[in-house]
Amino acid sequence: MDKALLSRTAAGMVAKGRGLLAADESSGTCEKRFKSVGVECTEPNRRAYRGLLFGTPGMEQFVSGVILFEETIRQKSDDGVPFAEALARKGVIPGIKVDKGAKDLALCPGEKVTEGLDGLRERLAEYFKLGARFAKWRAVITIGQGIPTHTCLYANAHALARYAALCQEASIVPVVEPEVLLDGDHTIERCEEVTEATLRATYAALAAHNVSFEHTILKASMVVSGKDCARQAGVDEVAERTVRVLKRTVPAAQPGIVFLSGGQSDVDATAHLNAMAAMPGLPWPLTFSYSRALQNPALNAWRGQPGNVAAAQKAFHHRARMNGLACQGKWTAALEKQAA
Ligand code: 13P
């Protein structure tokens, strides 16, 4: 465990004005995203698309690190340079998704537990050799009638803690992601309650497994109204509730917190982050680790056509720049309208 390296990596990930690009969609998720724009989900297409994003001129101003998928960390750019190396040359830290996905949790209808601990020590050693300096593991918490259960929260927290400990042992910074889904008609009050319980369970497990908070990054979901709830909370309410829960549960020793976008609109994800980052006296830097909210416009512009690469890169650059401003509380709706 190289603590100096872990500290450097974690500080770099949440450096001022920068955040993470989540490009670690599994081939199944990628298929869904590609299908929405009529692109066949083949290995060459996945490589072309990721190459487009990573090759966007100037993206490194706003993007501190990229979360790669297992397949992507083994792929190369058009110049024949492994993606991880090409990113590192630009000062962008390569990361890797290491979980094997959320599976049905036995005897807990409607709930999931994330798998992937078997053989993880060996896989982490290999990913380190391939250039990965941080990792991601996503747990999924669903809100519904009588759920989440205590069983689900603790099963997921336990897996996150074992994953995080293995990462630190391998000198890889763990991104700990317990995502509370926004699907459902629940209120924002209910989301706040569940998010607090989820984070309490997660931090209790991390402590029980000797995980060093100084070398851990939390990837949090924001406290928002359920997608189908009649009352949709505004930007300020989302920001206040999210920061309140984080302050109650996340140790100040942690180097930073990044957020997922979770199906929010691109601009909502930016506006929410901006409102939180603008709050005075926060104990940790807050930034983004978005997949959809960074990539949607680029994917729509690309549509699998080589002739659209420049337009897609421009769209991606714009979203990255907007979020780079938002994580400093410097974004405005007016800037949003300026051409990329
Ligand atoms: P979204 O920003 O699309 O929610 O994805 C982030 C992520 O990495 C989920 O694990």
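Because the structure is predicted, anything quoted here is derived from the model rather than measured. Atoms within a ligand are numbered from 1 in the order they appear, just like the ligands themselves.
Within ligand 1, counting atoms from 1 as listed, the ones closer than 4.0 Å to a heavy atom of Ala22 are 8 (O). Those atoms of ligand 1 that come under 4.0 Å of a heavy atom in Tyr290, given as number and element, are 2 (O).
The closest protein non-hydrogen atom to atom 2 (O) of ligand 1 is Ser261 OG, 2.5 Å. Among all non-hydrogen protein atoms, the one lying nearest atom 7 (C) of ligand 1 is Lys219 NZ, 3.2 Å. Ranking protein heavy atoms by distance to atom 5 (O) of ligand 1, first place goes to Ser291 CB, 3.2 Å. Scanning the protein heavy atoms around atom 9 (C) of ligand 1, the nearest turns out to be Glu177 OE2, 3.3 Å. Remark: minimum distance from atom 10 (O) of ligand 1 to any protein heavy atom is reached at Lys136 NZ, 2.5 Å. Closest to atom 4 (O) of ligand 1, if we only count protein heavy atoms, is Gly262 N, 2.6 Å.
When the shell of 6.0 Å around NZ of Lys32 is examined, it contains 12 or fewer heavy atoms from other residues, nucleotides or ligands.
Side-chain contact check for Tyr163 and Gln168: no donor-acceptor pair (N or O, by modelled atom type) lies under 3.5 Å.
Below 30°, between 30° and 60°, or above 60°: for Tyr290 and Phe288 the angle between ring planes is between 30° and 60°, a tilted geometry. Using cut-offs of 30° and 60° for the angle between ring planes, the Phe213 and Tyr203 rings count as tilted.
Of the possible donor and acceptor atoms, none in the side chain of Asn323 sits under 3.5 Å from a partner among the backbone N and O of Ala326.
Using a 4.0 Å cut-off between heavy atoms, Arg292 contacts ligand 1 through both its backbone and its side chain. Under 4.0 Å from ligand 1, the heavy atoms of Ser289 that appear belong solely to its backbone.
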Which is it for Tyr127 and Glu70 under the side chain to side chain contact (heavy atoms under 4.5 Å, CB included) test, yes or no, and what are the steps along the way? CA-CA 9 Å; Tyr127 295 143; Glu70 162 115 57; 2.9 Å; yes

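Of the polar atoms of Arg33, none of the N or O atoms is found under 3.5 Å from an N or O of ligand 1, judged by distance alone.
Between His317 and Phe62, the distance separating the two ring centers is shorter than 6.0 angstrom.
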Could you list the donor-acceptor pairs under 3.5 angstrom formed between side-chain atoms of residues 82-96 and any protein atom two or more places apart in sequence or on another chain?
| unit_1 | atom_1 | unit_2 | atom_2 | d |
| --- | --- | --- | --- | --- |
| Glu85 | OE2 | Arg89 | NH2 | 2.7 |
| Lys90 | NZ | Phe54 | O | 2.7 |

